[in-house]
Amino acid sequence: MSEKRSSFSGKIGFVLAAAGSAVGLGNIWRFPYLAAQHGGGIFLLVYVALAITFGVALMSTEIAIGRKTGQSAIGAYTSLDKRFRFLGVLESIVPIIILPYYSVIGGWVTKYLAVFVSGGIGDAAQDHYFDGFISQTGEPIIWFLIFVGITALIVLFGVEKGIEKVSKFMMPVLVVLTVGIAVYSMCMPGALEGVLYYLKPDFSKFSVTTVLAAMGQLFYSMSIAMGIMITYGSYMKKNVSISSSVKQIALFDTGIAFFAGLMVIPAVFSFSGGNEAALGKGPGLMFVTLPKVFASIDGVGGTIVGVLFFLLVLFAALTSSISLMETVVSVLKDKFGWSRKRTCLIVFIGCIMLGLPSSLGFGLLKDISIGSMTILDIFDFAANSIIMPIAALITCIFVGYVLKPKALIQELEIGGKFTAKRMFTVMIKYIAPIFIVLILASSVLEAFGIMKI
Ligand code: PHE
């Protein structure tokens, strides 16, 4: 290897960077509507229970693998057991698929921030503004290039001077903005109804799908089974406790998701007069409904809240895209021994080429689709609903039955106490694999329209 392996300077740097990866678009636009749809408080309880058991166990596993081997996914699995090299390859494919389309959406966010900053709130609140924008050819591509450019620049600066520094600035700002906007949103007229809708458990909506939806969201949100946490773990110093770091990351991720709900749901309820259907699903909430909500606020207030909101979303998206790009860069760097500069340039160009079809999939290439899935949706589905659960399942089998949990428990005990050994073993060997199979089955059934989550 031509360059010495980089590392985070200490625990805070590591936790904020990993939390930056975990907190992303999923926390802000997906978590709130899933919670609303699946019985409010009951979904929140299920999610928290899963996060502290299942989520923490899987995240600890990956970070421990990364730190133990000091390598990114492919090298890490190969050095633990040559037969499992394919698992490293499988996990590394996930960020390669996600980074380009995630950056396309990151470009949309950047565009909306620019529109709000330049006083275009009235335009952004028009019907069909969003559809009109994403179906163009040139403009979304330019914003996509800007977003990928910023990501690549940060990754170019390296682990400590790039990723860690940016995370240490962006993550605290993100917390302040999320909590601040949530408080503002809860003070809007008629918002209380939304708060209650979000927090009150509605047991009639509880079913197996509640658990599956929470579980699917958890995977995506904690950036599990895509090599990211292995890569970040490989940059972690030995004197830092993995288990206490993971608890903090989980708290961060779940906390921001929770506040995002308090930010989005009451505001939409206030605007729509308590109509829960207005919450909608997916990008429409963020790019169509919320701009209308902001525009309904009198005076410059709407512009200010809108700017702060899209700034917050941009920070969330950037810290996630950085982790995706760093994972790809790290795999290539480890494999070919290239310099960081050269690897970043190659990944930058590759990401642009792979992202173009997703960007064009709403206009020029909109005829390429499967059912109602656009090109972007197809990539999202392949990575998150198929490859990721398969990789997670094989990881559990590998750690549970081939490598044996003990080998990782040793790593987890370095740098701090690790008391949940029993639970860790039971999770990895028995509970997690069963859940993962259920998630995989449900997403496949959902894709075929047989089941509705
Ligand atoms: N965890 C991020 C979110 O909640 C998404 C993400 C996925 C980030 C994959 C990095 C990698 O939005």
Side-chain angles (χ1 to χ4, degrees), residues 16-35 47 50-51 55 58-59 62-63 72-73 90-106 108-109 147-148 151 154-155 163 166-167 170-171 174 178 213-233 246 249-261 264 282-283 285-286 312-331 347 351 354-355 358 376 379-389 391-392:
L16 290 179
S21 172
V23 175
L25 296 168
N27 297 57
I28 298 165
W29 92 29
R30 199 153 175 266
F31 185 88
Y33 84 72
L34 278 181
Y47 187 86
L50 290 174
L58 281 175
M59 191 182 256
E62 294 205 19
I63 296 177
S72 52
L90 201 63
E91 289 205 358
S92 306
I93 291 174
V94 181
I96 293 175
I97 300 177
I98 298 182
L99 175 64
Y101 80 76
Y102 200 82
S103 303
V104 169
I105 305 173
W108 301 348
V109 175
F147 185 86
V148 184
T151 306
I154 298 167
V155 172
I163 302 172
V166 165
S167 307
M170 286 188 183
M171 295 312 285
L174 193 144
T178 313
M215 190 66 125
Q217 169 67 9
L218 185 69
F219 257 98
Y220 184 69
S221 195
M222 287 184 90
S223 307
I224 290 171
M226 43 183 106
I228 294 181
M229 291 301 155
I230 298 184
T231 302
Y232 275 17
V246 170
I249 299 164
L251 184 70
F252 218 115
D253 186 45
T254 311
I256 295 286
F258 176 71
F259 275 100
V264 171
L285 174 61
M286 187 142 94
L312 138 86
V313 182
L314 180 65
F315 281 5
L318 266 177
T319 45
S320 292
S321 66
I322 291 169
S323 73
L324 287 161
M325 190 179 277
E326 176 62 27
T327 302
V328 181
V329 166
S330 173
V331 165
V347 173
C351 172
L354 286 175
S358 290
L376 193 152
F379 281 129
D380 182 47
F381 181 75
N384 290 305
S385 304
I386 305 291
I387 308 178
M388 202 170 69

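We count ligands from 1, going down the list as the structure has it; atoms in each ligand are counted the same way. Each residue takes its place number in the sequence, starting with 1.
The heavy-atom pair separating T327 from P95 by the smallest distance is CG2-CG, 3.9 Å. Nearest heavy-atom pair, A22 versus M222, reported as atom, atom and distance to 0.1 Å: CB-CA, 4.3 Å. Nearest heavy atoms, Y232 versus A17: CE2-O, 3.5 Å. Residue F379 comes nearest to L354 through the heavy atom pair CE1-O, 4.3 Å, listed as atom of the first residue, atom of the second, then distance. Between I28 and A260, the shortest heavy-atom distance links the atoms CA-CB, 4.0 Å.
Put simply, no part of F31 is less than 4.0 Å from ligand 1, judged by heavy atoms.
If you number the atoms of ligand 1 from 1 as listed, the ones under 4.0 Å from a heavy atom of S221 come out as 1 (N), 4 (O). Near G24, the atoms of ligand 1 lying under 4.0 angstrom from a non-hydrogen atom of the residue are 3 (C), 4 (O), 12 (O). For ligand 1 and S223, the ligand atoms under 4.0 Å from any heavy atom of the residue are 1 (N), 8 (C), 10 (C). Residue S320 has at least one heavy-atom neighbour below 4.0 Å for each of these atoms of ligand 1: 2 (C), 8 (C), 10 (C). Counting the atoms of ligand 1 from 1 in the order shown, those under 4.0 Å from a heavy atom of I228 are 10 (C), 11 (C). If you number the atoms of ligand 1 from 1 as listed, the ones under 4.0 Å from a heavy atom of A22 come out as 1 (N), 2 (C), 3 (C), 4 (O).
For atom 8 (C) of ligand 1, the closest heavy atom belonging to the protein is S21 O, 3.4 Å. Of all protein heavy atoms, the one closest to atom 4 (O) of ligand 1 is N27 OD1, 2.9 Å. When hydrogens are left out, the protein atom nearest atom 12 (O) of ligand 1 is G26 N, 2.7 Å; that is the closest non-hydrogen contact.
At a 4.0 Å heavy-atom cut-off, ligand 1 touches M226 through the side chain alone. The residue S321 has no part lying near ligand 1, judged by heavy-atom distances below 4.0 Å. The proximity of V94 to ligand 1, defined as any non-hydrogen pair under 4.0 Å, does not occur for either the backbone or the side chain. If you look at Y220 next to ligand 1, the close heavy atoms, those under 4.0 Å, come from the backbone and the side chain alike.
For the side chain to side chain contact (heavy atoms under 4.5 Å, CB included) with E326, the lone residue among V347, V331, V155 that qualifies is V155. The only option from I105, L314, V104, V109 that meets the side chain to side chain contact (heavy atoms under 4.5 Å, CB included) definition with F147 turns out to be L314. The one candidate from Y220, F258, Y47 that meets the ring pair (Phe, Tyr, Trp, His ring centres under 6.0 Å) condition with F31 is Y47.
With hydrogens and angles ignored, the 3.5 Å screen pairs a side-chain donor or acceptor of N27 with a backbone N or O of D253.
Proximity annotation for atom 11 (C) of ligand 1: of N384, I28, L324, L324 comes nearest, heavy atoms only.
Between M286 and W108 the shortest side-chain heavy-atom distance does not fall below 4.5 Å.
Inclusion of S323 in the set of residues having an N or O under 3.5 Å from an N or O of ligand 1 is not warranted.
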